[in-house]
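A quick write-up on the structure given underneath.
Hydrogens, waters and symmetry mates play no part in the numbers below; they use all other heavy atoms, side chains included.
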Amino acid sequence: MFLKEKSSHIHLYITLPLIVTTLIWMWSKVEIVDTLTWVETPRYLSQILSLFGVVLLAVSYLMVSRVRFMEKVFGGLDKVYKNHSLISKVAFVFILAHPLLLIPQFLMTGENVWSLFVPGIDTWAKTAGITALYGYIILIALAMSKKIPYHIWKNIHSLMGVPFIIAAYHVFNASSDVARFVPLQFWMGLCFVVGVSSYVYKTLLYEYIGPKFEYEVIRNKLVMDGVYELVLRPVKTKINFEPGEFAFISVPGHTEIPKEHHPFSISSSPGSNELRFIYKVFGDYTEKLTRLEEGKVINIFGPYGEFTSHMYDFHKKQIWIGAGVGVTPFLSMLHHESQNDDRKNIKFYHCVKSEDELIYDGEINELAQNADDNFTYRKHFSVNEGYLTGDLLEKEVGKDLSEYAVMMCGPNKMMVSLKADLMKRGVPEDQIYYEEFGFS
């Protein structure tokens with residue numbers, strides 16, 4: 001199935017580089033070491049784990065470079081970032097283990113243990129390694145702070161590649177297997193090229209050569225308490241997207257709105273010349289975005305995302321669940337469904353607190369009438385009915401609930417809980433789709 005195929009691809013892209021690293025490292029031991037001894041085991045572990053750490057970091061930098069093939073492999077940019085976070089943490093643990101595992105060896109041989117942790121005591125290569133390690137520790141500690149503003153957090157993350165570049169000097173100039181064995185040197189060089197190139201592209205070049213489109217603001221108006229509708233038109237080239245995808249917004253040269261990129265789901269029709277975003281004010285950036293004036297030219301980067309009914313056309317039975325502004329991608333999907341003839345069976349649940357929040361009810365009803373599908377539109381009010389549950393869906397959909405693909409967009413806590421609830425009722429995990437970004 002779809003998710004199982006994605007999972008196998010993910011494992012391949014992560015484990016294959018580690019397998020290649022292990023094989024080449026073992027080859028180096030056969031070629032340059034006369035006899036392997038158990039006494040040297042901590043040193044061997046230190047060496048291979050440090051190589052693993054570098055390779056995984058290279059993979060993690062490639063993952064967040066926003067190249068589309070990585071999104072295809074992981075099943076969405078949200079999955080890319082989630083796996084990137086996990087892989088980066090594992091890589092850091094491996095790198096941290098490198099000097100710690102050398103302590104017993106240094107104590108036995110009488111070498112200066114402090115040279116593993118204090119810069120300047122030993123060679124420039126060792127100093128570079130220590131500097132890279134401390135660089136990661138400092139940046140990670142700062143990034144984990146919950147009190148820093150988002151734009152500062154993002155700037156800290158943009159520096160994460162600097163210790164990686166410094167580590168390259170250590171790897172190729174320290175007295176190690178890499179320096180003495182050409183195949184290992186070539187392989188690690190390739191990993192550094194991939195990692196550094198990905199970092200440079202995302203940090204320095206993406207703004208200029210990435211998938212960028214200029215759009216002019218037509219309107220940026222309040223449509224409900226705390227909810228705004230941003231409508232744009234292309235200055236030159238129109239972005240082509242699938243229904244349900246998202247894009248990053250960047251506002252250059254504004255006195256109040258930061259230039260940083262933020263993701264928002266697209267709610268307009270793929271065939272429309274206008275581009276529409278619906279966002280809810282809940283943080284510093286979205287509050288400032290309300291001050292974006294008409295006539296301002298902004299940058300749109302994308303499109304991205306695997307959350308689209310068009311992607312899952314092989315599921316002719318679908319349940320859509322949009323909670324609050326989570327209705328956004330479904331508006332785009334509904335526009336698409338009203339213009340094709342693929343004849344799906346779609347049950348759309350629009351979940352809001354009360355009737356006052358049904359700001360796009362008229363648009364949904366109009367589009368639903370034009371759809372060729374067997375389309376059922378159900379408004380769910382949590383004030384009167386409580387939260388939407390798997391039990392309620394099973395009662396309304398029937399015993400064939402497990403035959404439906406379920407697509408959800410809303411608060412992450414709701415989606416995780418509802419996913420578990422649906423799986424208890426027989427809906428396979430690979431038929432439940434949602435993205436884990438907060439698009440609001």
> Under 6.0 Å from the six-membered ring centre of Tyr206 and within 45° of its axis: does the NZ or CZ of Arg66 meet both?
Replying inline: yes
>> So if I apply the salt bridge (Lys or Arg N to Asp or Glu O under 4.0 Å) rule between Arg233 and each of Glu274, Glu216, Glu294, which one comes out positive?
In response: Glu216
>> So that I know where these two stand, are Phe74 and Tyr13 an aromatic pair - ring centroids less than 6.0 Å apart?
In response: no
>> Regarding Lys288 and Asp284, does a basic nitrogen lie under 4.0 Å from an acidic carboxylate oxygen?
In response: yes
>> Against Arg276, only a single residue in Ser267, Ser268, Ser332, Ser269 fulfils side chain to side chain donor-acceptor pair (under 3.5 Å); can you say which?
In response: Ser267
>> Does the plane of the ring in Trp320 sit parallel, tilted or perpendicular to the ring in Phe375? Use 30° and 60° as the thresholds.
In response: perpendicular
>> Parallel, tilted or perpendicular: which one describes the rings of Tyr377 and Phe348, with boundaries at 30° and 60°?
In response: parallel
> So which heavy atom on Ala128 is nearest to which on Ile166, and how close?
Replying inline: O-CG2, 3.3 Å
> Looking only at heavy atoms, which two atoms of Gly76 and Glu306 are closest? And how far apart?
Replying inline: N-CG, 3.2 Å
> Pick from Tyr199, Phe192, Tyr169: which one makes a ring pair (Phe, Tyr, Trp, His ring centres under 6.0 Å) with Phe164?
Replying inline: Phe192
> Would Arg219 and Glu229 count as a salt bridge (Lys or Arg N to Asp or Glu O under 4.0 Å) if you check the C-alpha gap in whole Å, the side-chain angles of each, and the deciding distance to 0.1 Å?
Replying inline: CA-CA 8 Å; Arg219 62 181 178 272; Glu229 182 180 85; 3.5 Å; yes
> Hey, what do you get for CD (Gln318) to CD (Gln431), rounding to the nearest 0.5 Å?
Replying inline: 10.5 Å
> Just how far is it from atom CG of Leu51 to atom CD1 of Ile24, taken to the nearest 0.5 Å?
Replying inline: 10.0 Å
> If you look only at pairs with a residue in residues 243-258, which of them pass as a side chain to side chain donor-acceptor pair (under 3.5 Å), with sequence neighbours excluded?
Replying inline: His254-Glu293, Glu256-Arg291
